[in-house]
Amino acid sequence: MRNIYLKILALTITVVGIDLVTNAMDKTYYLTQLTMSLYYAMVVLALVLLMGYAGQISLGHAGFFAIGGYTTAVMSTINLLPYKDKPLINTLDKLRLLVLREDLYGDQILSFNPWVGVLLSLLIVAIVAYIIGIPVLKLKGHYLAMATLGFGIIVYRIVLGTALFGEADGISDVPAFKILPGLSINGEMDTKRMNYYIAAFFVVVLVYLLLNLINSRPGRALRAIHGAEEAAEASGIDTAKYKLKAFVISAVITALAGALLTHFNGGIGPSEASVMKSVRYVAIVAAGGMTSVWGGLSMAMILNFLSLRGYFGSYDDAVFGAVLILIMLFAPEGLLSLKIRTGIKKKTKQPHNI
Amino acid sequence: MAEPLLKVEGLSKSFGGLEAVKDVSFEVPRGSIKALIGPNGAGKTTLFNLISGNIRPDRGTVLFDGKEIQKLKTHRIASCGIARTFQHIQLFAGMTVLENVMVGLHTHLHAGFFSAMMRLPSSRKEEKKAKEEAMSILESLDIAELAYKEATSLAYGQQRIVELARALAQRPKLLLLDEPAAGLNIRETAEMGRLIERIRESGITVFIVEHDMSLVMKISDEIMVLSYGEKIAEGRPLEIQKDPEVIKVYLGEEEV
Ligand SMILES: Nc1ncnc2c1ncn2[C@@H]1O[C@H](COP(=O)(O)OP(=O)(O)OP(=O)(O)O)[C@@H](O)[C@H]1O
Ligand SMILES: [Mg+2]
């Protein structure tokens, strides 16, 4: 399967092409929304893994996204300066887990290095997804949808009602995430292009990992569960284990997107945890054809970009709701697959003698 | 006498008030083809489900290769060496014939999420070998040209063979076939019969549910008859044909 590298090359060229075009057109301000769209695309890709490959729906992914974002936001904005002399804080400082910086008003603030927050957010989400995944993934279809929806609502309510999470205001003044010297995730004007490429890098890597997974033992196991669960189990696949792994991996990817976008935006608000966000992700995955990495990615980029540029106005959420309904009614295999599918059918029509 | 490959004792299963399988005991000798027959609703598929672990028994034991398996999870039972096909064909939608068969190899492969996603050399090597093995199974069943077709888009008879190929990929000791000739025409049924005999010759023990009596009489070493969940007869094909109890059940069915 050498052509996997060709696909990745084509994707990389597209990424660079978009940057060059926006530059040539003098519309570099688009890069901000494109970067955000790329992080949201990670969530969509994570859902392609869970829904498209393994056939398990989640209406709670905004919850994982928010846990990721809020964890790193809290960790990197909490001020530990008053406790500097406490032994615990002292030790953390000595371990270089803390950084001293100036906040928006020029006051000194001692908080965790964003690396700590980002990694902790992944760890927390992995644990949360594991714990809720065990009982919830025993459910199927509507029941699974409702259970994950319930999880999403709980996260939303907690975020909205907790002072630590800034209640309705969310958390702002989240500092830059310095990944490597010279490489930093932040929303400043002069690092726009770098940030676009950082986000694109994460997406390209994720696409590569997912494409590798499709044609492999675990990838086939997930698709077999999707295709016929009883037969998958009888073929020796531990379906419960595979579903749980897919769920946890999907949740962790989503948390990473949430954490990175929070550093890019410099903050996070409760709307990221809202149920409508979860519906939006599912609508995009459906529009992209459920099982398609490419369909999901392109739909995520197009729809999120349009939404973030404000094209849908005050109907923003309604648009995604409508997309979901229309797709389910008229193109259950997704917008992109509609034409391609009918084309293929004509060519390879099979005689049915059932 | 060698110990039987499968030894079932006192197996029972009720669905609500309905006793689908009642205190059934029997053995399947190694290397044999054993058939399970009985009228519709007799509990044949339920008995298969109890052996393969798709359904849990209320009572009784299933000894496979000398080991109690009735409490094991379904996928564990599969990796002990029991493979099956389904009365209602269960192929994996959205996957090619080759991929369907490669799923059958699952327990013999090792790649996990990490090595697969990272495309480690070990997983690539394994993948290549798996493809070759799946392909050779398709070749041995004469359906290699279907390898890259979507499995669920095939004709019915071909789907049955693909399901068989997937089960064989598990390299089972015992193969459970639930009505493998259902929906097949006479020519296809004869082919299926020869295929099953070839499978037995390769060393796999076969336990088969089948309504086609001429096929059953031709290929099986032993036949067991189930009626209303109870075993009413067991023996060689000629004995079963003459068994008054069996004749009564089958004639009774025809009168209805
Ligand atoms: N999951 C289930 N829940 C409730 N009743 C069931 C279930 N599975 C089977 N039954 C009932 O158990 C009885 C035996 O069914 P089973 O499918 O085992 O019969 P069978 O011998 O395979 O019949 P056929 O020849 O039609 O395939 C039937 O009355 C059936 O309705
Ligand atoms: Mg049956």
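Since the model is a prediction, treat every value here as computed from it, not as a measurement. The analysis underlying the following values was restricted to heavy atoms, covering all of them including side chains, and did not include hydrogens, waters or symmetry mates. Quick note on labels: first sequence line is chain A, next is B, and so on, each numbered from 1.
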query = Is it the backbone or the side chain of B/Glu99 that comes under 4.5 Å from a heavy atom of chain A, or both, or neither?
reply = both

key: Smallest separation among heavy atoms of A/Asn215 and B/Glu127, with atom names   = O-OE2, 3.2 Å

note = Between B/Phe92 and A/Ala228, the two heavy atoms sitting closest are CE2-O, 3.4 Å

ask   = What are the two closest non-hydrogen atoms of B/His106 and A/Gly236, and how far apart are they?
value = CD2-O, 3.6 Å

ask   = ring-ring contact (aromatic ring centres under 6.0 Å, His included) with B/Phe26: which residues, sequence neighbours excluded?
value = B/Phe207

note = So CE of B/Met95 and NE2 of A/His226: to nearest 0.5 Å the spacing works out to 11.5 Å

ask   = Could you state the interatomic distance from CD1 (B/Ile55) to CD (A/Glu230), rounded to the nearest 0.5 Å?
value = 8.0 Å

task = Supply the atom-to-atom distance B/Leu109 CG to A/Ser216 OG, rounded to the nearest 0.5 angstrom.
result = 10.0 Å

message = If you define the side chain from C-beta out and look only at heavy atoms, does anything of B/Arg119 sit under 4.5 Å from A/Tyr5?
response = yes

key: Atom pair CD1/CE of A/Ile214 and B/Met117 - distance to nearest 0.5 Å   = 10.5 Å

message = Enumerate the ring-ring contact (aromatic ring centres under 6.0 Å, His included) contacts for residues 110-136 of chain B, please, sequence neighbours excluded, ordered by first and then second residue.
response = A/Tyr242-B/Phe113

ask   = Picking from B/Arg124, B/Met118, B/His75, which has the most non-hydrogen pairs under 4.5 angstrom with chain A?
value = B/His75

query = What's the shortest heavy-atom distance between B/Ala111 and A/Pro218, and which atoms?
reply = O-CD, 3.5 Å

request  = For the pair B/Arg76 and A/Glu233, find out whether any cationic side-chain nitrogen is under 4.0 Å from an anionic carboxylate oxygen.
outcome  = no

remark   = If one checks every heavy atom of A/Leu222 against chain B at 4.5 Å, the contacting part turns out to be side chain

query = Closest approach of B/Thr107 and A/Ser235, non-hydrogen atoms and distance?
reply = CG2-O, 4.2 Å

query = Which bit of A/Ile225 comes within less than 4.5 Å of chain B, counting heavy atoms only: side chain, backbone, both or neither?
reply = neither

request  = Find the distance between OG (B/Ser115) and CG (A/Asn212) and round it off to the nearest 0.5 Å.
outcome  = 10.5 Å

inquiry  = Counting only non-hydrogen atoms closer than 4.5 Å, does B/Thr74 touch chain A with its backbone (N, CA, C, O), its side chain (CB onward), both, or neither?
reply    = both

ask   = For A/Ala232, is it the side chain, the backbone, both, or neither that has a heavy atom closer than 4.5 Å to a heavy atom of chain B?
value = both

message = In the structure I gave you, are the side-chain heavy atoms of B/Leu105 and A/Arg217 within less than 4.5 Å of one another anywhere?
response = no

ask   = Heavy-atom count around B/Ile186 CD1 within 6.0 Å, excluding the residue itself: above 12?
value = no

Under 3.5 Å donor-acceptor pairs involving side-chain atoms of residues 168-178 of chain B, not counting sequence neighbours:
{"from": "B/Gln170", "atom 1": "NE2", "to": "A/Ala234", "atom 2": "O", "distance (Å)": "3.3"}
{"from": "B/Arg171", "atom 1": "NE", "to": "B/Glu133", "atom 2": "OE2", "distance (Å)": "3.0"}
{"from": "B/Arg171", "atom 1": "NH1", "to": "B/His108", "atom 2": "ND1", "distance (Å)": "3.2"}
{"from": "B/Arg171", "atom 1": "NH2", "to": "B/Glu133", "atom 2": "OE1", "distance (Å)": "2.9"}
{"from": "B/Arg171", "atom 1": "NH2", "to": "B/Glu133", "atom 2": "OE2", "distance (Å)": "3.3"}
{"from": "B/Lys173", "atom 1": "NZ", "to": "B/Asp65", "atom 2": "OD2", "distance (Å)": "2.9"}
{"from": "B/Asp178", "atom 1": "OD2", "to": "B/Thr45", "atom 2": "OG1", "distance (Å)": "2.9"}

inquiry  = Quick check: under 4.5 Å, non-hydrogen atoms only, which of residues 43-50 of chain A neighbour chain B?
reply    = none

inquiry  = Between A/Ala246, A/Ala221, A/Gly219, A/Ala231, who has the most heavy-atom pairs with chain B when the cutoff is under 4.5 Å?
reply    = A/Ala231

task = Heavy atoms only, distances under 4.5 angstrom: which of A/Leu213, A/Ile237, A/Thr239, A/Leu211 has the most pairs with chain B? Name it, please.
result = A/Ile237

